[in-house]
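For reference, the structure is listed below as structure tokens.
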Amino acid sequence: MIVGIDVGNTAIKWACDANPNEVVSVRLCDDEGITQVIDQVAALLKPEFDAVELGAVELGAAELGAAELGAAEIRIASVNRAAAKVLESGLRPVVGEKVQVRIISRHDIPLEVAVDQPDRVGIDRLVGAFGAARGNFHTAGSHDSDKDCDVALPLVVVDAGTTVTVDLVDADGVYLGGAIIPGLAMQTSALASGTDALPKLDWGTQCGDTANLDSPGKNTSAAIRLGILSSVVGGIERLIRLYGGPAHLVVTGGDAGCIASALSVPCQVEPHLVCRTLTQLPWAGSC
Ligand SMILES: Nc1ncnc2c1ncn2[C@@H]1O[C@H](COP(=O)(O)OP(=O)(O)O)[C@@H](O)[C@H]1O
Ligand SMILES: CC(C)(COP(=O)(O)O)[C@@H](O)C(=O)NCCC(=O)O
Ligand SMILES: [K+]
């Protein structure tokens with residue numbers, strides 16, 4: 001069994017190869033979130049594993065094939081060093097020596113990276129680009145669901161979370177780099193902390209209805225929502241043009257639904273692509 005863990009700056013997301021579409025997302029408010037993930041993953045890998053309730057997700061030994069538990073591997077892709085350190089040191093003693101715990105680096109991803117400093121690129125960006133380009137996650141309910149989701153190249157991968165990264169994979173499947181935009185929550189926090197009168201928005205509720213981006217905000221919250229969504233979505237659409245109008249757009253990250261509903265271009269929404277790709281990496285060796 002392979003467990004993929006994506007450690008971001010807002011949340012830890014994890015999935016296992018037996019159920020790559022079932023993702024658990026735990027906010028990184030403090031070490032409590034990390035402890036929660038350690039307990040969940042340890043429960044999954046315990047030899048006497050029967051079934052474990054993970055929030056809304058229940059994984060049963062029958063589904064996971066308890067026999068596979070022996071040769072288990074935990075793959076951690078992190079852009080948050082402090083959280084990854086606590087997670088790794090907490091996992092190792094509880095999962096036993098039979099389970100491999102690996103910190104994934106770009107050398108584990110069979111993806112050509114054509115940027116100035118390949119070792120400096122966030123591993124989430126590289127894993128997401130690799131997963132999107134492989135296109136082996138055709139999740140039903142993509143934003144443009146009637147569009148065949150065979151992945152054409154070049155493609156743009158948008159990962160909307162703490163930040164919103166907008167990256168390009170060229171026609172030959174080479175990662176060319178991209179852009180980094182402050183995420184929805186980060187922009188809201190900046191407005192609230194930098195002013196006396198502006199409230200923080202709860203993006204969980206703000207994106208319920210389709211994003212109305214074509215009329216001026218009639219109140220402060222509407223003006224903030226319009227401004228921030230326009231800055232992110234407008235930036236993404238400008239970057240897509242700048243990148244030469246690629247053949248395909250994949251949107252992932254915790255805010256993918258919100259961003260995808262506001263985009264005026266068709267896209268494939270792939271929730272939590274990074275942790276799911278980690279479970280599917282052809283192999284986790286150095287290349
Ligand atoms: N359970 C959750 N935990 C954290 N963020 C969530 C959750 N559910 C939805 N979100 C939304 O997803 C965003 C975080 O996205 P995510 O891709 O996890 O970020 P990162 O990879 O930067 O940590 C949050 O800003 C929030 O709007
Ligand atoms: C850009 C990021 C902060 C995105 O992280 P996230 O929003 O997923 O928490 C992360 O990919 C990162 O730390 N990158 C290192 C710098 C770079 O990618 O160039
Ligand atoms: K991310």
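Basis for what follows: all heavy atoms, side chains included, without hydrogens, waters or symmetry-related copies. Counting starts at 1 for both ligands and their atoms, in listed order.
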How about [X] and [Y]: do any of their side-chain heavy atoms sit closer than 4.5 Å?
{"X": "Val251", "Y": "Glu270", "result": "no"}
{"X": "Ile5", "Y": "Leu87", "result": "yes"}
{"X": "Trp14", "Y": "Leu44", "result": "yes"}

Under 3.5 Å: donor-acceptor pair, side chain of [X], backbone of [Y]:
{"X": "Asn80", "Y": "Ala83", "value": "yes"}
{"X": "Thr162", "Y": "Thr10", "value": "yes"}
{"X": "Asp170", "Y": "Asp172", "value": "yes"}
{"X": "Asp255", "Y": "Cys258", "value": "no"}
{"X": "Thr279", "Y": "Ala15", "value": "no"}

Distance to 0.1 Å, residue and atom name: give those for the protein heavy atom nearest to [atom].
{"atom": "atom 4 (C) of ligand 2", "value": "Thr163 OG1, 3.3 Å"}
{"atom": "atom 21 (O) of ligand 1", "value": "Lys13 NZ, 2.8 Å"}
{"atom": "atom 14 (C) of ligand 1", "value": "Thr10 CG2, 3.9 Å"}
{"atom": "atom 9 (C) of ligand 1", "value": "Gly254 O, 4.3 Å"}
{"atom": "atom 11 (C) of ligand 1", "value": "Asp255 OD1, 3.5 Å"}
{"atom": "atom 4 (C) of ligand 1", "value": "Arg27 CG, 3.2 Å"}
{"atom": "atom 2 (C) of ligand 1", "value": "Ser25 OG, 3.5 Å"}

N or O contact, [X] vs ligand 2, cut-off under 3.5 Å:
{"X": "Gly161", "value": "no"}
{"X": "Asp124", "value": "yes"}
{"X": "Asp159", "value": "no"}

Counting from 1, what ligand 2 atoms have a heavy atom of [X] closer than 4.0 Å?
{"X": "Val121", "answer": "17 (C), 18 (O)"}
{"X": "Val79", "answer": "5 (O), 9 (O), 10 (C), 11 (O), 13 (O)"}
{"X": "Thr162", "answer": "7 (O), 9 (O)"}
{"X": "Asn9", "answer": "3 (C), 5 (O), 6 (P), 9 (O)"}
{"X": "Arg120", "answer": "15 (C), 16 (C), 17 (C), 18 (O), 19 (O)"}
{"X": "Arg125", "answer": "11 (O), 17 (C), 18 (O), 19 (O)"}

- In terms of heavy-atom contacts, does CG of Asp116 have more than 12 from other residues, nucleotides or ligands at under 6.0 Å? no
- N, O or S from Asp6 under 3.4 Å to the K ion (ligand 3): no
- Query: Are any of the N or O atoms of Ala185 closer than 3.5 Å to those of ligand 1?
  - Reply: no
Quick one: do [X] and [Y] make a salt bridge, cutoff under 4.0 Å?
{"X": "Glu97", "Y": "Arg92", "value": "no"}
{"X": "Arg102", "Y": "Asp108", "value": "yes"}
{"X": "Asp119", "Y": "Arg106", "value": "yes"}

- Nearest 0.5 Å please: distance from the CG atom of Leu281 over to the CD1 atom of Ile2. 8.0 Å
- Item | Atoms of ligand 1, numbered as shown, that sit under 4.0 Å from any heavy atom of Gly253 | 17 (O)
- Task: May I ask you to list the atoms of ligand 1 that are less than 4.0 angstrom from any heavy atom of Asn9?
- Result: 20 (P), 22 (O), 23 (O)
- Measure His272 to ligand 1 on non-hydrogen atoms and call it side chain, backbone, both or neither using the 4.0 Å cut-off. neither
- Message: Checking contacts here: is it the side chain or the backbone of Thr162 that comes within 4.0 Å of ligand 1, counting heavy atoms only? Could be both or neither.
- Response: both
- For Ile12 and Asp6, run side-chain contact (heavy atoms from CB on, under 4.5 Å): C-alpha distance rounded to whole Å, both residues' side-chain angles, the deciding distance at 0.1 Å, then the answer. CA-CA 6 Å; Ile12 297 180; Asp6 167 17; over 6 Å; no
- Note on the structure: Looking at Cys29, Gly161, Ala83, the heavy atom closest to atom 19 (O) of ligand 1 belongs to Gly161
- Note on the structure: Quick note, side-chain hydrogen bond (donor to acceptor under 3.5 Å, both in side chains) partners involving residues 227-238, not counting sequence neighbours, are Gln187-Ser231, Glu237-Ser264
- Query: Looking at the K ion (ligand 3), which N/O/S atom of Asp124 is the nearest one?
  - Reply: OD2
- Message: Looking at atom 17 (O) of ligand 1, tell me if a protein heavy atom falls under 4.0 Å from it.
- Response: yes
